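What follows is a short report on a single structure.
Small disclaimer: the values here were computed from a predicted structure and weren't measured. So that the names make sense, note that chain A is the first sequence line, chain B the second, and so on, each numbered from 1.
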Number of protein chains: 2
Amino acid sequence: MMDRHRAGAILKELQLKTTPKRVEVMRLLAAEPSFLSADDVWQRLKSSFTHIGLPTVYRILDELTGAGVITRIFLPDRKQYYFLCTNQEHHHHFVCESCRRVEDVEQEQCGLDGLAREISRRSGARVTSHILQINGVCGTCLKEGAAV
Amino acid sequence: MMDRHRAGAILKELQLKTTPKRVEVMRLLAAEPSFLSADDVWQRLKSSFTHIGLPTVYRILDELTGAGVITRIFLPDRKQYYFLCTNQEHHHHFVCESCRRVEDVEQEQCGLDGLAREISRRSGARVTSHILQINGVCGTCLKEGAAV
DNA sequence: CTGCGTGCAAAGTATTTGCAAACCG
DNA sequence: CGGTTTGCAAATACTTTGCACGCAG
């Protein structure tokens with residue numbers, strides 16, 4: 001699990017005060033192989049804090065998402081899901097629809113940078129960001145017959 | 001603008017009854033170079049129908065999205081936006097954050113199919129879908145100084 | 001100290017649902 | 001005619017906001 005010191009260092013770098021709640025959110029997310037909803041995070045935090053409000057969870061998740069530490073995961077239910085990837089390289093995610101586990105997809109295979117360059121060359125547009133999420137069923141779930 | 005006959009044909013193919021509301025939603029979306037919210041669509045429909053409910057608009061948009069006729073566009077405001085691309089080839093979209101216009105990005109440049117194959121080869125997962133959306137500011141908006 | 005961070009309560013609002021009436025095929 | 005489709009009203013539920021107190025630096 002991510003140690004408190006490292007969480008604090010990241011927060012400092014983001015110019016956010018190192019509060020126990022923020023640290024715990026980061027540690028918790030870093031220990032999760034799956035994406036979580038704000039409510040999921042809240043439930044888990046309740047075991048560490050007696051007083052913790054859902055709005056606080058939303059605020060912390062927003063800050064971390066804005067700072068790029070956390071990635072949003074898109075699901076058809078249009079709730080917001082979060083995933084913290086310790087991998088700092090630019091990359092994307094494979095999301096298992098069955099177990100919610102998230103796996104990294106390496107950048108070399110993605111080719112998005114070239115695509116962005118191509119777009120701006122052809123139409124004069126400036127690419128500022130992109131969303132790339134691969135959905136499916138992971139190998140483990142397939143074996144367990146969890147396929148849809 | 002997409003003619004009613006073509007809209008009807010598409011609906012028939014989807015095994016949906018050809019109702020005036022559905023036809024008009026398709027025509028309207030096909031004529032839009034930008035993505036629209038359910039509410040946007042509703043407002044536009046009001047000029048064609050006196051009795052038209054917002055839930056109906058949502059239902060129609062859901063049906064068409066599920067059938068793959070309409071693409072969802074993701075924005076930070078977490079509302080749902082829709083865009084109808086007449087281009088039947090597999091492709092993706094460049095979304096201008098300033099004018100909301102959507103431009104096609106051709107498939108050859110994307111390489112996502114290869115990526116999906118690579119993922120399943122390496123981890124045994126099955127890829128069922130993916131989201132790829134390129135965000136930025138289009139050439140026209142850049143010239144107009146609309147850049148953020 | 002001093003301003004950012006948080007709890008709590010309450011609001012906001014996009015989206016969904018239930019049901020009866022209208023309509024397509 | 002019979003099962004879809006739609007209008008309307010109401011509900012859902014996620015997320016946000018306001019404000020006062022508490023805590024990090």
| note | Rounded to whole Å, CG of B:D77 lies from P of C:dA14 at a distance of 9 Å
| query | Has B:Y58 got a side-chain N or O lying under 4.0 Å from the OP1 or OP2 atom of C:dT16? | reply | no
| Side chain of B:T18 (C-beta onward), nearest among D:dT16, C:dT17, C:dG25 | C:dG25
| message | Between A:E24 and A:R27, does any side-chain N to carboxylate O distance fall below 4.0 Å? | response | yes
| query | Whole-Å distance between C:dT6 C1' and A:F49 CZ? | reply | 12 Å
| query | Should we count NZ of A:K12 as having more than 12 external heavy atoms under 6.0 Å? | reply | no
| message | I want to check one thing: is the phosphate of D:dT5, taken as OP1 and OP2, less than 4.0 Å away from some side-chain N or O of B:R22? | response | yes
| note | Against the side chain of B:P20, the closest entry in C:dT15, C:dC8, C:dC24 is C:dC24
| query | B:N135 and A:S129: side-chain hydrogen bond (donor to acceptor under 3.5 Å, both in side chains), yes or no, with the steps? | reply | CA-CA 5 Å; B:N135 304 307; A:S129 68; 3.2 Å; yes
| said: Of the options C:dT15, C:dG25, D:dA24, whose atoms approach the side-chain atoms of A:K17 most closely? | reply: D:dA24
| field | d(CG, A:L54; C1', C:dG5) in whole Å | value | 16 Å
| message | Side-chain N or O of A:H51 versus OP1/OP2 of C:dC8: is the shortest distance under 4.0 Å? | response | yes
| request: I would like to know whether A:Y81 and A:I70 meet side-chain contact (heavy atoms from CB on, under 4.5 Å); could you show each step before the answer? | output: CA-CA 10 Å; A:Y81 293 98; A:I70 287 180; over 6 Å; no
| query | When we call it a touch if two heavy atoms are under 4.0 Å apart, what does B:S37 touch: a base, just sugar-phosphate, or nothing? | reply | nothing
| said: What is the distance, to the nearest angstrom, from the CZ atom on A:R78 to the P atom on D:dA13? | reply: 11 Å
| Interatomic distance, B:D39 CG vs C:dG12 P [rounded to whole Å] | 18 Å
| request: For A:K79 and C:dT15, give me the distance from atom NZ to atom C1', rounded to whole Å. | output: 14 Å
| Between C:dT6, C:dA14, C:dG18, which one does the side chain of B:R59 approach most closely? | C:dG18
| message | Side-chain N or O of B:T19 versus OP1/OP2 of D:dT6: is the shortest distance under 4.0 Å? | response | yes
| message | At 4.0 Å (heavy atoms only), tell me whether B:I52 reaches a base, stays on the sugar-phosphate, or touches nothing. | response | sugar-phosphate
| query | Roughly how many Å is it from CD1 in B:I60 to P in C:dT15, rounded to a whole number? | reply | 15 Å
| Quick one: which of B:L61, B:I60, B:D40 gives a side-chain contact (heavy atoms from CB on, under 4.5 Å) with B:L29? | B:L61
| request: Specify the separation, in whole Å, of atom NZ of B:K12 and atom C1' of C:dG25. | output: 9 Å
| task | Name the residue closer to the 5' end of DNA chain C, choosing between B:P55 and A:L16 according to the nucleotide with the nearest heavy atom. | result | A:L16
